[in-house]
Amino acid sequence: VMVANTLIDVYGKCGSVDDARRVFDMLNIKHNVVTWNAMIIGYAQHSLGQEAFILFKKMVCMGVKPDKFTYASILKAVSSILALDYGKLVHEQVIKCGFEGDVFVLSSLMDMYVKCGSHEDAQRLFLQTCHQDTVTWNALISGHAHNNDYNLALHCFQNMEQGDCGLDDVTYVGLLSACGHSGLVKESCSHFRAMTESHAIAPTFDHYNCLVDSLGRSGCLDEALSLLESMPFQDN
RNA sequence: UGUCCGCUAGUUCUUC
């Protein structure tokens with residue numbers, strides 16, 4: 001079963017969800033909780049939230065008790081399909097199981113709430129938790145970016161900067177993508193500069209993509225193209 | 001019978 005679980009995981013991560021499912025089905029009744037989790041996260045990582053949720057319900061029906069891994073995974077699936085009502089149902093289960101304080105489950109809950117448009121709930125969880133760390137901050141910032149809300153993303157970012165948990169490259173992917181969605185070129189550039197100069201965070205491929213996106217959306221096509229050609233990464 | 005361990009989980013550009 002462990003070998004099969006690993007196969008499901010590998011297929012899922014390599015984008016062959018159908019092959020993962022074939023292995024999953026071959027195992028038949030020998031599934032353990034890891035088998036279910038590996039298959040659920042495989043679906044979640046490919047934005048197949050419906051399939052993940054169907055599997056989650058089936059797992060519960062068959063009497064397999066979801067663990068922290070299951071909840072973190074199913075919440076990611078819920079985020080991908082923006083299903084706030086499913087998310088709330090899952091949250092109730094999380095509370096019943098006493099998993100709300102787990103940092104993985106908590107950040108998944110926050111991610112789900114903010115992406116599903118309920119940033120007040122995400123904020124509330126954040127204020128209550130003892131895990132105000134880089135990842136939970138990032139979850140808020142990235143979530144606001146997904147919702148095209150630069151002001152809220154910036155607001156979170158500034159609060160994060162004032163606090164004592166460090167910013168990282170993911171923080172800036174969130175902030176820069178929020179700028180990009182709003183076509184805020186000047187802000188993109190100044191944040192990018194602050195990232196490298198004040199915070200000594202090395203720019204990644206994603207950061208350059210955000211800048212190119214930002215330039216492109218605001219009509220600066222020549223600049224976008226020249227940045228694309230001069231960035232220290234292979235374009236795709 | 002129980003507990004623990006081994007395979008699985010959170011924040012990440014564009015498009016959807």
Side-chain angles (χ1 to χ4, degrees), chain A residues 1-13 20 23-24 27 30-49 52 55-56 59 64 66-82 94 99 102-115 122 125-126 129 131-146 153 156-157 160 165 167-181 188 192 201 203-217 224 227-228 231 233 235-236:
Chain A
V1 178
M2 278 173 55
V3 172
N5 290 347
T6 304
L7 260 179
I8 292 169
D9 179 49
V10 169
Y11 276 132
K13 289 198 165 74
V23 178
F24 180 88
L27 266 184
K30 291 180 180 163
H31 299 149
N32 63 20
V33 68
V34 176
T35 320
W36 289 96
N37 291 347
M39 196 62 233
I40 288 172
I41 195 61
Y43 283 132
Q45 279 162 349
H46 293 87
S47 299
L48 296 167
L55 218 55
F56 175 72
M59 165 185 188
V64 180
D67 63 9
K68 293 172 186 177
F69 287 69
T70 319
Y71 284 112
S73 306
I74 195 63
L75 285 164
K76 189 185 177 80
V78 168
S79 295
S80 77
I81 54 171
L82 306 179
V94 164
F99 291 156
D102 178 79
V103 66
F104 282 73
V105 175
L106 175 95
S107 58
S108 304
L109 276 168
M110 285 177 49
D111 174 67
M112 181 279 292
Y113 275 123
V114 69
K115 284 191 183 143
L125 287 174
F126 183 71
T129 185
H131 299 296
Q132 293 193 1
D133 62 10
T134 303
V135 171
T136 45
W137 272 115
N138 288 351
L140 287 179
I141 294 170
S142 304
H144 293 317
H146 275 262
C156 282
F157 176 82
M160 185 181 183
C165 79
L167 316 181
D168 68 4
D169 54 325
V170 178
T171 314
Y172 271 100
V173 172
L175 185 65
L176 291 172
S177 71
C179 291
H181 292 151
S188 293
F192 189 89
I201 294 170
T204 65
F205 186 54
D206 289 349
H207 298 124
Y208 279 98
N209 283 335
C210 289
L211 274 190
V212 170
D213 180 50
S214 189
L215 287 164
R217 279 184 210 250
L227 179 62
L228 207 154
M231 67 182 183
F233 293 96
D235 55 89
N236 65 16

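These numbers come from a predicted model, not from an experiment. Every chain is numbered from 1 and lettered A, B, ... according to where its sequence line falls, protein lines coming before strand lines.
One atom, CZ of A/F69, and another, C1' of B/A9, lie 5 Å apart when rounded to the nearest Å. Between A/Y172 atom OH and B/U11 atom P the separation is 21 Å, expressed in whole Å. Rounded to an integer number of Å, the gap from CG of A/N32 to P of B/C7 is 12 Å. In this structure, the CZ atom of A/F99 is 16 Å from the P atom of B/G10, given to the nearest Å. Rounding to whole angstrom units, CE of residue A/M231 and C1' of B/C13 are separated by 10 Å. The separation between A/D235 atom CG and B/C13 atom C1' is 14 Å, rounded to whole Å. Distance A/L176 CG to B/U11 P: 19 Å, rounded to the nearest Å. Rounded to whole angstrom, the span from the CG atom of A/L7 across to the P atom of B/U8 amounts to 13 Å.
Out of B/U14, B/U12, B/A9, the shortest distance to the side chain of A/K115 is found at B/U12. Picking from B/U11, B/U8, B/C13 the nucleotide with the shortest atom distance to the side chain of A/C210 gives B/C13. Residue A/T6 has its side chain nearest to B/C7 when only B/C7, B/A9, B/U11 are considered. Of the candidates B/G10, B/U14, B/A9, the closest approach to any side-chain atom of A/S73 belongs to B/A9. For A/A38, taking side-chain heavy atoms from C-beta onward, the closest of the listed nucleotides B/U8, B/A9, B/U12 is B/U8. The listed nucleotides are B/U12, B/U14, B/G6; the one nearest the side chain of A/H146 is B/U12. Side-chain proximity of A/N5 to the nucleotides B/U8, B/G10, B/C7 is greatest for B/C7. Closest to the side chain of A/F104, from the set B/G10, B/C13, B/U11, is B/G10. Ranking B/U14, B/G6, B/A9 by closeness to the A/R217 side chain, first place goes to B/U14.
Under 3.5 Å, the side chains of A/T6 and A/D9 contain no donor-acceptor pair of N or O atoms. A donor-acceptor contact closer than 3.5 angstrom is absent between the side chains of A/D111 and A/S108. Side-chain contact of A/D169 with A/T204: a donor-acceptor pair under 3.5 Å is absent, judged by distance alone.
Between A/F24 and A/W36, the gap from one ring centroid to the other is short of 6.0 Å. Note: A/F192 and A/Y208 meet the aromatic proximity criterion, with ring centroids under 6.0 Å apart.
Within the 4.0 Å cut-off from OP1 or OP2 of B/U11, at least one side-chain nitrogen or oxygen of A/K76 is found.
With hydrogens and angles ignored, no donor-acceptor pair under 3.5 angstrom links the side chain of A/S108 to the base of B/G10.
In terms of heavy atoms, A/S80 sits closest to A/S47 at OG-CA, 3.6 Å.
Residue-level contact check: A/V173 touches the backbone only, with heavy atoms under 4.0 Å from sugar-phosphate atoms and none from bases. Nucleic acid contact for A/V33: none, since no nucleic acid atom lies under 4.0 Å from a heavy atom of the residue.
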